[in-house]
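Below: the structure, in structure tokens.
Hydrogens, waters and symmetry mates are skipped; everything else that's a heavy atom, side chains included, is used. Just so it is clear, the structure is predicted and the values come from calculations on it, not from any experiment. Quick note on labels: first sequence line is chain A, next is B, and so on, each numbered from 1.
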Protein chains: 4
Amino acid sequence: MDEPTRYDEKLGEILRQSATIFADRGFHQASVRDISAETGVSLSGLYYYFKSKEELLFLIQQHCFESLLVQVAAGLEGAVGPEARLRTLIEIHLGFFVANMPEMKVLSHEADALAGEYAARVLGLKRDYVALVRGCVEPLLPPDTSLDARTATFALFGQMNWIYNWYRPSRDPDAAGLARQMADLFIAGLHGARGSAADDAADDGSDEEKRALDVAPGALGAGGAL
Amino acid sequence: MDEPTRYDEKLGEILRQSATIFADRGFHQASVRDISAETGVSLSGLYYYFKSKEELLFLIQQHCFESLLVQVAAGLEGAVGPEARLRTLIEIHLGFFVANMPEMKVLSHEADALAGEYAARVLGLKRDYVALVRGCVEPLLPPDTSLDARTATFALFGQMNWIYNWYRPSRDPDAAGLARQMADLFIAGLHGARGSAADDAADDGSDEEKRALDVAPGALGAGGAL
Amino acid sequence: MDEPTRYDEKLGEILRQSATIFADRGFHQASVRDISAETGVSLSGLYYYFKSKEELLFLIQQHCFESLLVQVAAGLEGAVGPEARLRTLIEIHLGFFVANMPEMKVLSHEADALAGEYAARVLGLKRDYVALVRGCVEPLLPPDTSLDARTATFALFGQMNWIYNWYRPSRDPDAAGLARQMADLFIAGLHGARGSAADDAADDGSDEEKRALDVAPGALGAGGAL
Amino acid sequence: MDEPTRYDEKLGEILRQSATIFADRGFHQASVRDISAETGVSLSGLYYYFKSKEELLFLIQQHCFESLLVQVAAGLEGAVGPEARLRTLIEIHLGFFVANMPEMKVLSHEADALAGEYAARVLGLKRDYVALVRGCVEPLLPPDTSLDARTATFALFGQMNWIYNWYRPSRDPDAAGLARQMADLFIAGLHGARGSAADDAADDGSDEEKRALDVAPGALGAGGAL
DNA sequence: TATGAATGAGTATTCATTCAT
DNA sequence: GATGAATGAATACTCATTCAT
């Protein structure tokens, strides 16, 4: 990984077009030749911009994720109060997703396609982001709830990230409308979810996340959750 | 597609093992050789049981989906009242998902890997299932809500199906617990989601689902949502 | 080759259908599965009738060739005079060819597909037949001609055997008409072909044919001429 | 077929060697690996020069045929009078055949191995060539003959093309001698072939050729005659 | 920066054939 | 006589990647 390829304009263009191709065809199904054809850059010429197809995927995921994190961080600054924070986060996440659908589909759907150092770095970003989202969810959990913070957090991720499977701009609400609906649904759900059983008070948080997101070889999750 | 490969015991075993391999490595990354190695059946011998790798995937998805539909149909018979129906459905869906994680991951994650007749047939099953779930969600929407039935339905699917990305039996609640939490969360969300904007009164239902699930060539969704 | 598979009714049917398949698709392109499908006999069941695909081809060629030889021998008995003999031979050859087009196409076109003992046996038949035809051609060569008997003989074979490439019953003359035209053309050609250069007097005949028809490894002819 | 592979020196070498291999072993029996071994180009490297084995065959046939057409066109320019024209054509055809035996065998013998666009393009060349040859044959047909122009034309093709089955440079006349003999034989045959039955006066020519060369699905000829 | 030419490793699939029943 | 189940060997082709220029 030594020297990460630097990020100039042309690379930016390649990443954008590649993301669309990966989103459409799937990472493994799309060939570097497809990218060559689409970008107009010769097959070997592409390797000036990335050193492997896997690095290309990494660059897409990294760039996309970092942009998302920047926007979220900026957005949360103006939000006061737990509910406002969570609403803001949902708005930004969905707004970014809808505005960058190919990249976000690739980020969500091709989590397992990276390995080694690349996987580790994206995983690091994901871990931070999951912790951040969880940090916005937990304050809204009723004190006596039986709802796990972890379950609730991933339920929210599921709601939001699944959209790449069904959302169609032409017939569904726009990003703002979608965000409002999902925020209403989820926040009302949290408020109303007060229950019987044991909660997850014993949860130490950081360590739990770590394990939850670790690559579990042979296990199903493989830590790929956003 | 003429004559679908028949379903005997040995084929059943092959499907089960292949589902695990596809879940672990991804459909396109897994080679038929991998399946040969895992099952102990020779490479060419496998082709006695299915006529292409794609048919193998289809058989897995079809069998898995049909089993799910049978269980759901049976479960709903004993459920009276809208809320009980939706709770039952969530229980069965998640119970089946957790009990058949590899198959369900393959069903959820490899939707785009099928084409042509195979895709059409699985899509038909999905359309029916989405309609059924939506039929359980709609009665619980408050009359004055601004929440789209379609959005709510896919939010639920997202919550549930996303679990293949994060759920780990050893540290998360069991299927029943998961179902209760998700049902509490979602149903409370529905109840509390009363809002401002236009509702989906104009929604004719069947036709909308149809369009929503159509393969939209070049579009991102591609109708693959569960 | 020990015990040649015996020739019963069912085998006859298989040979006929296989000849058609080989004629249509070519020997190597046609699979034993194709023959299984066409005949309705199971794949493994076919191997009761022949012990290899190559033997099947041999049986077709042998049976076809032997039938031709029988008809020719019978026909020549009633022919008196050199020209009548040659005319008769052309009539029978073309009549048989047109009436057994698939088999004769296979015999003409798939000469190189046999090897070893099978090839040797068919070659033996071919050698005899070529000698017989040449025996009918030579008496008609003018004494002072510069036309090689060998060249003339194979020119005749070329005229006749090439028909599998162009002859269509619906728009070309029937077998009798075709035979008359070709006989007229060739016999008139022989009569008129008196020339300048050296003739083939030095030709010792049998040995020449032998060499000419031998399998010449790596050479082009490969002895496959009819 | 979009962009036909371009024709450089190395490709020329590959075509030449491949033609020999196809002539020796037959198109379907020869593997691309054989060609790799013979040419010294790696298996995958070959696909830089053609995009499928079938295209390779097409390129061989096309290049060979076009060269033949060029030579024939040039040769006929200096020929005056019907007989001189036909003699010239036979000389050039046989001279080219003998000088390019592997290619011409492949052209003659592997007519059915091409399909679709490839087949159509070679067929177009063949149609033109057949028409040209027929145009050289017809003026020599006696006015009262019963010999069909079509039959005569294909008889000539049969005589000439069949040589790949028997001709051996070491023991047969050279190309010039062969041409003289075949021309003598065929032209004398035409002159002497005056007969009884209906001639082909009703023949409209171009349309007849067209039908005769059409691919007749399921029929034996399949239009592959040269 | 960029590319044409090349390659080793791998892919799904087909094939003729066998054997226990 | 006949077949379902199985297989080893081969096939055409693709892929990510490299390297001399």
Here the distance between atom P of E:dA16 and atom CG of C:Leu56, to the nearest Å, is 11 Å
Which of F:dT17, F:dA2, E:dA12 is nearest the side chain of A:Ser52? It is F:dT17
Report task. Determine: side-chain N/O of A:Tyr48 to OP1/OP2 of E:dT3, distance under 4.0 Å, yes or no. Result -> no
Rounding to 0.5 Å, atoms CD (B:Glu54) and CG (B:Leu59) come to a distance of 11.0 Å
Can you find a side chain N or O atom of A:Lys10 that sits less than 4.0 Å from OP1 or OP2 on E:dT1?
-> no
All heavy atoms of C:Ile60 vs all of C:Ala19, minimum pair found to be CD1-N, 3.8 Å
Walking DNA chain F from its 5' end, the first of D:Ala30 and A:Glu54 to be reached, judged by nearest nucleotide, is D:Ala30
note: C:Leu11, atom CG; F:dG1, atom C1'; distance rounded to Å ~ 14 Å
From the candidates F:dT11, E:dG4, E:dA12, the one with an atom nearest any side-chain atom of D:Arg33 is F:dT11
When rounded to whole Å, the CG to C1' distance for the pair A:Asp34 and F:dC15 reads 11 Å
To the nearest angstrom, the OH-C1' distance between C:Tyr47 and E:dT17 comes to 5 Å
Among E:dA2, E:dA16, F:dA12, the one nearest any side-chain atom of C:Ser31 is E:dA16
By the Watson-Crick or G-U definition, both distances under 3.5 Å, F:dT21 is matched with E:dA2
Atom CZ of A:Phe50 and atom P of F:dT17 are separated, to the nearest Å, by 8 Å
**Asked** Mind checking the C1' distance from E:dT1 to F:dT21? Whole angstroms is fine.
**Response** 12 Å
N or O in side chain of C:Lys51 less than 4.0 angstrom from E:dA16 OP1/OP2
no
From CD1 of B:Ile35 across to P of F:dA6 the rounded distance in Å is 16 Å
Of the candidates E:dA2, E:dT17, F:dT17, the side chain of A:Leu43 sits closest to F:dT17
**Asked** Can a salt bridge be assigned to the pair D:Asp34 and D:Lys53 using a cut-off of 4.0 Å between side-chain N and carboxylate O?
**Response** no
D:Ile21 atom CD1 is separated from F:dT11 atom P, nearest whole Å, by 13 Å
Comparing A:Ser42 with B:Phe27, nearest DNA chain E nucleotide closer to 5' gives the residue A:Ser42
Atom CZ of D:Phe22 and atom C1' of F:dA12 are separated, to the nearest Å, by 12 Å
Re E:dT7: Watson-Crick or G-U wobble partner, both distances kept under 3.5 Å, found to be F:dA16
Does the base of E:dG4 carry an N or O that pairs as donor and acceptor with the side chain of A:Ser44 under 3.5 Å?
yes
